[in-house]
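Comments concern the structure below.
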Amino acid sequence: MTEQKLRELLDDLSLEEKIGQLVQIPGWHFEDSAAVTGGDTQADAQLRYKPLAGSTLGVLGAEKLRALQESYMANHPHHIPMLFMLDVVHGLRTVFPIPLAQGGGFDPALAEECARAAALEAAVSGIHVTFAPMCDLVRDSRWGRVMESPGEDPLVNGLMAQAMVKGFQGEHCGEKDRIAACIKHFAAYGAAVAGLDYQNVELSEQTLREFYLPAYEKGIRAGAELVMTSFNLLNGVPASGNPWLLNQVLRREMGFDGVLISDWGSIGEMVPHGYCADLKEAAEKAIHCGVDIDMCSGAYAGHLQELIAEGKVDISLIDRAVWRVLVLKNKLGLFENPFKDADAAREKELVLCKAHRELARRAARETAVLLKNDGILPLNPGEKAAFIGPFAADAPLHGGWAIVGRDEDTVKLKDVPIEGAVYLPGCTLLDNGMVYNTGSYWEEDHEAKNAALLQQALEAAKSADKVILCLGEHRMQTGEAASRADTRLPGVQRNLLEQVARVNPSIALVIFSGRPLELTEQEPLAKAILYGWMPGSEGGPGLNDLLTGVCSPKGSVPMSFPRSVGQLPMSYNHMRSGRPARNPAQPFVTRYLDVPNTPLYPFGHGLGYTEFTLSPIRQDRSAIAPGETLTAKVTLTNTGRREGTATVQLYIHDVTASRVRPVRELAAWQQMTLNPGEERELTFQLREEMLRFPNAQGFASEKGKFEFWIGLCSDTDNGSGFELL
Ligand code: GLC
């Protein structure tokens, strides 16, 4: 539709129709099978707008959505098509590794491919908009939603956000088999105080701008059509009614003029937050902050009309919001084709298709991280392996935000057995009575059941050459509303490891989790640790490719593994101490008395089945002025006996600045696959633009000394220095 026609349509709408475009109603009010990702609130107010609602979420299926669109439009006074939205976060039916794992892949191209495949499955299933990518920077694995983030580094998060937006939208979201992307959760939800959902974030503007905002901005600059507000307070003001955050930062500074949608109920939650007296005030504050769509809180449905009648909200604010919604529908081509790509035949052909499964298998193997290996992996042909643990049996591998993924579509380790290997559960997945975010979990005869499972497992372990212990979290112990104060493996699994270690010390741990678990007690008992995250539909084959040595692990740590949950929040790009601990005997320095003040596994760490060496840095100059380039070279050599992929990382540190700078900041990386004995010279270019940061000059570099390192992990000591003139 032309802009002129769209304007005419807007002008022709009644006030009720306009408000309807700003109301998003839960999908179950249209279709019983809709995915549930929030609670029902103010249903009555919303249901009054059901015939006029501009969008819904959670409904899936080409035929269902075509039928819904047809009936809805027939009854709408101006026959305006509805938007169908869904959380397609790491796949639709073909489930890919969780975004945290994809962040550790350090491979934006792979993330784009996964998003592209997810978009295709979603589009033919009738979906127009996905609530992804989530770009919240994370430093605290107590928070359940770290699984949804690419991790703790601003550069990785930003490049992943760009890649996923491109994968979902292509060059234009109206293209065939593409869907509109939504950057979330704006803003800084990942800094949740104490790792608790729906509550508080306290950040200085410096920290917010330095670490948390860049990824959202990169996603917006990549063309994301929507942004979603977050549940949290930001320094005392809820994000969904925060004028500085939404009007100043998002709209004016970042230049975002697309659709701003609230999170589920987050406008209404400004009342329990204590920021608004009632839903009416919440609606007034949100619309003044440019929140265009109210997701399921009922505030807009229940109060916008009276706010306009009372002169508290000007109709121009409503028109502005409706215009953004209509523009999005127009970009998607819905006025010409309200069904877009919904096609039952193609849905049947493409959802879970072979090509997507192969991609899921590749993604599972390329994002897994080999944290430790004394040589026990890969398994050698003919070796007798005992796969023991809940994840060697039926535990689900599809992550918590695979909301329409199905366990029965998942290929697990036991489904692709290695010749001669045995597969045993060893214990229940959770301790008795453990709760995960959709309710409590317990098993009858828990103790009796576990005693029997343990006995069976120990027998198998005794007679095996190697034990592959497959342990981890339940998929619903991570994700939304899944904060944990104790991030260790369940006690019943820790006991299994201890008991098995007594009968056979040749143990490789394979961990499935949505967060970096606290593994300090388990680490000494394992000769190898392969972190599979939540690998998705092809987790079994993907990890088998690594365990059998068909492929070599190449993933890296996207988020620091703490030695203790007591160290959280933590990240590699922390600030320097005024009293750095230079040796354990030193008194009065920055340290914990009870654990080393370092991660168990640092950001950027990741092993393969070969060894690499890096030469010292060779650089062409020791100083640069703005506009000049310092060229740094290293030689990477595969000194092992197998092909392998190295992720070579460049870190920079500004030694002295008007705002203290992080001890290290990732500035670039290169991935390189080398055969045994092969060597390759890698070149990194350092320029003044890379040294800028938020300061009194706005966003600028400051002259002086810089250190930099090029290595295979954030704690590399392969360093040098230069001066910015
Ligand atoms: C949830 C989540 C958000 C999701 C939305 C719709 O509460 O916070 O990430 O996109 O509701 O399901």
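In each ligand, atom 1 is the first atom listed, and ligand 1 is the first ligand listed.
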Check your understanding: In terms of atom number and element, which parts of ligand 1 are under 4.0 angstrom from non-hydrogen atoms of T37?
Key -> 1 (C), 6 (C), 7 (O), 11 (O), 12 (O)
Review point. Among pairs that include at least one residue of residues 182-194, which meet salt bridge (charged side-chain N to carboxylate O under 4.0 Å, His left out), considering only residues two or more places apart or in two chains?
Key: D87-K184, E148-K184
Point to revise | Minimum-distance protein heavy atom relative to atom 1 (C) of ligand 1 | key: E480 OE1, 3.2 Å
Review point. If you count the non-hydrogen atoms of other residues, nucleotides and ligands that lie under 6.0 Å from CD in E70, is the total more than 12?
Key: no
Point to revise | Residue part near ligand 1, for D263, under 4.0 Å between non-hydrogen atoms | key: side chain
Check your understanding: Has ligand 1 got any nitrogen or oxygen that is less than 3.5 angstrom from a nitrogen or oxygen of W401?
Key -> no
Check your understanding: Roughly how far, to the nearest 0.5 Å, is the CG atom of L332 from the CZ atom of F84?
Key -> 12.0 Å
Exercise for review: Please work out whether the ring planes of F231 and Y189 are parallel, tilted or perpendicular, with thresholds of 30° and 60°.
Suggested key: perpendicular
Point to revise | Mutual orientation of the aromatic rings belonging to Y72 and H76 [parallel < 30°, tilted 30-60°, perpendicular > 60°] | key: tilted
Review point. For ligand 1, which atoms, with element, lie under 4.0 Å from some heavy atom of H185?
Key: 3 (C), 8 (O), 9 (O)
Check your understanding: Within the structure, does W264 bring an N/O atom to less than 3.5 angstrom of an N/O atom in ligand 1?
Key -> no
Review point. Is the closest heavy atom of M85 to ligand 1 under 4.0 Å?
Key: no
Check your understanding: Does some non-hydrogen atom of M134 fall short of 4.0 Å from ligand 1?
Key -> no
Check your understanding: Is there a donor in the side chain of D136 and an acceptor in the side chain of Y216, or the other way round, less than 3.5 Å apart?
Key -> yes
Revision key, fill the gap. For atom 6 (C) of ligand 1, the closest protein heavy atom turns out to be D87 OD2, 3.3 Å
Revision key, fill the gap. The atoms of ligand 1 lying under 4.0 Å from a heavy atom of K184, numbered in the order shown, are 3 (C), 4 (C), 9 (O), 10 (O)
Review point. Will you find, in the side chains of H356 and E121, an N or O donor that is under 3.5 Å from an N or O acceptor?
Key: yes
Exercise for review: With heavy atoms of F231 as the reference, note each atom of ligand 1 found under 4.0 Å away.
Suggested key: 7 (O), 8 (O)
Review point. Hey, are E152 and R139 close enough for a salt bridge, meaning a charged N less than 4.0 Å from a carboxylate O?
Key: no
**Study point:** Numbered atoms of ligand 1 (with element) below 4.0 Å of L57, judged on heavy atoms
**Key:** 6 (C), 12 (O)
Review point. Side chain or backbone of R145 under 4.0 Å from ligand 1, or both, or neither, by non-hydrogen atoms?
Key: side chain
Check your understanding: Can we say E16 and R48 salt-bridge, meaning some charged N sits less than 4.0 Å from an Asp/Glu carboxylate O?
Key -> yes
